[in-house]
Student: 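I'd like to ask some things about the structure below.
Atoms considered below: every heavy atom in the structure, side chains included; atoms not considered: hydrogens, waters and symmetry mates.
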2 protein chains.
Amino acid sequence: MYTDLMNAPRTARQRARAELTREILDAARRQLGEAGPSALSLRAVARELGMASSAIYRYFKSRDELLTALIIEGYDEIGDAAEAADDPAAEPDERWTAIWRGVREWALTNRHEFALLFGTPVPGYAAPPQAAVAAGRMPLALARVVADAKAAGVLAPPPAPTCDPALIDAGTAELLPGAGFDADETARVILAWNRLVGIVSYELHGHLHRVTADDAGFFDYTARVSGAFAGLRFA
Amino acid sequence: MYTDLMNAPRTARQRARAELTREILDAARRQLGEAGPSALSLRAVARELGMASSAIYRYFKSRDELLTALIIEGYDEIGDAAEAADDPAAEPDERWTAIWRGVREWALTNRHEFALLFGTPVPGYAAPPQAAVAAGRMPLALARVVADAKAAGVLAPPPAPTCDPALIDAGTAELLPGAGFDADETARVILAWNRLVGIVSYELHGHLHRVTADDAGFFDYTARVSGAFAGLRFA
DNA sequence: CAAAAAAGTGAGCAGTGCTCTCGTTATGAA
DNA sequence: TTCATAACGAGAGCACTGCTCACTTTTTTG
């Protein structure tokens, strides 16, 4: 993909190509923030860059491919946000809350990008395989806290309903960090990840309007609930 | 709105209007199922009905208004699904699971409508007030089970992290059925509602691809986890 | 230096939401 | 029953979209 060309540009042309690719992405990003994914217009991007609309197609084969590039970038940024918020030296409960807050923060300041990642998929769009690893970074940050708590022996045993190992994909468990997660622990991480995205989506899409009174406060409460379910002990 | 005109059509013209309005909605619904929300085209709907595209505007002021009508219809249908799945005579845990499954079933057979309700909001769209009551029916079905379990004295006490009452909107608690819900109970219902929508969204959007191995099974597990958190006892 | 590859251009196609004007038709009051 | 009014449908048209194609210009490379 385009990222290949960003590395080690040799000729002037390749350098220009990398730069322009970046500029297209930036312009698209700016437009995304103003109008939302469905209103992203290739022609408008071209206009902003002062080039013919057809020239964009030298860089991205289609509008969907541009969106895909933005999606991968988004997954990476939300992964960055989660990892940057995590201080491995801190206590598990603090780490957990920090990661949650970091993700929410990113979502609030990049709501259209967030919608691109976790909202309705665009037309007939299928997630490209290279997005999978980027997409996994955020939930992995959560898993790391659980893994460290487990290694430190401060992880609470799983609560009542247990998860049948057959429900979890074989590849998932071994993808998780630290000493092997069992099905219950894996399920708890999956649900925490789903909960984090779910509650942020609700806030962003207005479903909590007139339901909760303090979005940030309710979010923190949700983080604690989710962390406790995942086996962390909160002060 | 258009629904007003559906009731008690008197003159032939009013009857024709009501019928055509319904046909437009049906055609739009059909198109939605084939292509998704972003691809819903007013012109295509008009073509299917054999009328000029401009004539549609006599019935819906804009594409967004058509979508709004579909959204309200969707909220009502998912409310129907939840209520129809609920057998008030059954045990709380069975009722809970039945409602969850009913909602999932509806979502699987109406995935585009589901996306319309809980996915990325369309362009600059704001949820119309008349949608609020329809939107509340599904979570209310969940709340009813909790309320009945509470009345029967079989509701488990809230788990560790408690919810500050200040986080819940004042109107929410009194909207819930049965003897007054406190903040903790209300929060648990909100989170159950959010969880149900969240896990279905994940399944529908493919985020669980290669993460879980059995979508229906993991969904049931999630329902149990969520029900237990809400205070229900599962067999 | 010349051939080849890449980049940029502008016209054009088929489609979109939406507006406007224009005839037609049904309705409800005089 | 007459008739002004309001509702309706049609069609042209505007500004926009994604995308393709033939064409020229520029850069790289053998």
Student: Tell me, which pairs form a salt bridge (Lys or Arg N to Asp or Glu O under 4.0 Å) where one or both residues lie in residues 197-206 of chain A, sequence neighbours left out?
Tutor: R104(A)-E203(A)

Student: Report, as a single string ordered 5' to 3', how protein heavy atoms within less than 4.0 Å touch nucleotides 20-30 of chain D: B base, S sugar-phosphate only, - not at all.
Tutor: BB----BBS--

Student: State whether R17(B) places a side-chain N or O below 4.0 Å from either non-bridging phosphate oxygen (OP1 or OP2) of dC8(D).
Tutor: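 Yes.
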
Student: Between C1' on dC8(D) and CG on L49(B), what's the gap in Å once rounded to a whole number?
Tutor: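 Result: 15 Å.
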
Student: Checking S53(B) now: which residues fulfil side chain to side chain contact (heavy atoms under 4.5 Å, CB included) with it, not counting sequence neighbours?
Tutor: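 R43(B), A46(B).
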
Student: Both L20(B) and S62(A) contact DNA chain D. Which one's nearest nucleotide lies toward the 5' end?
Tutor: L20(B)

Student: Whole-Å distance between dC8(D) P and I56(B) CD1?
Tutor: 13 Å

Student: Does any N or O in the side chain of N194(B) come within less than 3.5 Å of the main-chain N or O of G198(A), such that one atom is a donor and the other an acceptor?
Tutor: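 Judged by distance alone, yes, a pair lies under 3.5 Å.
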
Student: State which residues pass side-chain hydrogen bond (donor to acceptor under 3.5 Å, both in side chains) with D86(B); sequence neighbours excluded, sorted by chain then number.
Tutor: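 Checked D86(B) against side-chain hydrogen bond (donor to acceptor under 3.5 Å, both in side chains); matches are R95(B).
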
Student: Walking along DNA chain C from 5' to 3', note the first and the last nucleotide with an atom under 4.0 Å from a heavy atom of chain B, and give both.
Tutor: dT16(C) to dG28(C)

Student: I'd like to know if the side chain of T212(A) reaches the main chain of D215(A), judged simply by a donor and an acceptor atom lying under 3.5 Å from each other, with no hydrogens or angles considered.
Tutor: no

Student: Indicate yes or no for a side-chain donor-acceptor contact from S38(A) to the backbone of S38(B) under 3.5 Å, with no hydrogens or angles considered.
Tutor: no

Student: Would you kindly give the CZ-to-C1' distance between R43(B) and dC16(D), to the nearest whole Å?
Tutor: 11 Å

Student: Under 4.0 Å between a Lys/Arg side-chain N and an Asp/Glu carboxylate O for E105(A) and R111(A)?
Tutor: no

Student: Among all residues two or more places apart in sequence or in another chain, which pass the side-chain hydrogen bond (donor to acceptor under 3.5 Å, both in side chains) test with E113(A)?
Tutor: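 E113(A) satisfies side-chain hydrogen bond (donor to acceptor under 3.5 Å, both in side chains) with R29(A) only.
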
Student: What is the separation between atom CG on L40(A) and atom P on dG18(D), rounded to the nearest whole Å?
Tutor: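 From L40(A) CG to dG18(D) P: 8 Å.
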
